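What follows is one structure encoded as structure tokens, with my remarks underneath.
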Amino acid sequence: MQRNQLSDMSIFVEVARANGFRAAADNLKLGAGSVSEAVQRFEDRLGVRLFDRTTRKIALTAIGQKLYDRSLPAIQDLENAVRDLNETRGTISGTLKLSAPRSSGPFFLDKLLCEYAAKYPAVEIEIIYDDRKVDLVTSGVDAAVRFEHLLEKDTHAAPIGPDQKICIVAAPTYLERKGVPQSPDELVNYDGIFFAFGDASQVVPWSFQGAEGPYSVRPIRRIVVNDINAMLQYARAGMGLAYTYAESAEPFTKVGDLITVLDGQIPNQPRHTINYLSKRHMPPRLRAFIDLAKRMT
């Protein structure tokens, strides 16, 4: 690829990423006219239209979206390699960008990040707690803290954090009304309060350990919610059974507002993982974070 063609592709990617010519020009420290000319030149060279645009807004065409999805990882790889040159000379710096589920913060991640910040004061930390599954390619994060069943193919992952004890809880009034289940198979007749990762299409499975290995049981889908505290409040109100972290439920089980059932029949939740795209050109700031996480857990 010729030098000017690579430059035009980089400009195209930035326009798509910034969703506008002016914003891209500001990011690239170029004139808006130069950015527009570069995109038009790139379109002419390819013989296709990459953006549908009016005087007020732009949108990628179908073929533009396909080119953006294919080229963005390569452009990001180049950007990371250039940005990390100073870090490889001995100073770990830059911005560590992470995405993580809300529950990981109080369990282990907040403490880990405090240790990391103290050890590497030249690194700025951006941690976004969000239970939705972010796209590692387009989100701009260095890595995402995730559960094992949310890992993407063709990515890398390392265990992080402790095992998490799981329990099933319900209000005393609900158990008086429905009876106390004695085995997981009975749960199909009980109301379930499910935790969702961002939206109702991805709910946490209710997993158990049987003689032949792990299996799942799905209660009656009564409530789906993406907030653990709300889930516990619904359980306290007698709306059904909740499958959740024992640590989160402990303030309510200690005072009797919630009661655990099927104790000893629920396996621990596997450790979280730190999920990232590639080991090649891994920023030293991310490598340092992973190494610290392994030492602390």
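Quick note: numbers below take in every heavy atom, side chains included, and nothing from hydrogens, waters or symmetry partners. Source: prediction; values computed, not measured.
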Side chains of T61 and D52, donor plus acceptor under 3.5 Å: no
Pairwise distance CG(D142) to OG(S99) - rounded to 0.5 angstrom: 11.5 Å
Note, F12 side chain near L67 side chain (heavy atom, < 4.5 Å): yes
I63 atom CD1, neighbour heavy-atom count above 12 within 6.0 Å: no
N229 and Y234: side chain donor to acceptor below 3.5 Å: no
Rounded distance [0.5 Å steps], CG in L112 versus CD1 in I160: 5.5 Å
Pairwise side-chain contact, L241 with L187, heavy-atom cut-off 4.5 Å (strictly under): yes
Student check: side-chain heavy atoms of D130 and V134 closer than 4.5 Å: no
Name of the residue among V261, L232, I259 meeting side-chain contact (heavy atoms from CB on, under 4.5 Å) with V169: L232
Test log, rule side chain to side chain contact (heavy atoms under 4.5 Å, CB included), inputs V204 and Y243: CA-CA 8 Å; V204 173; Y243 183 97; 4.2 Å; yes
Close side-chain approach of V123 to Y116, heavy-atom, < 4.5 Å: yes
Check: F108 ring centroid to H272 ring centroid under 6.0 Å: yes
Over-ring placement of K165 relative to Y245, 6.0 Å and 45° cut-offs: no
Heavy-atom side-chain proximity of I228 to F195 below 4.5 angstrom: yes
Side-chain heavy-atom pair R221, V203 within 4.5 angstrom cut-off: yes
Non-neighbouring partners of E43 that pass side chain to side chain donor-acceptor pair (under 3.5 Å), sequence neighbours left out: R53
Check: Q265 and Q209 side chains under 4.5 Å, non-hydrogen atoms: no
Geometric cation-pi criterion R218 and F194, 6.0 Å radius, 45° cone: yes
Distance, nearest 0.5 Å, that separates CG of L277 from OG1 of T155: 7.0 Å
4.5 Å side-chain heavy-atom contact, W206 and P184: no
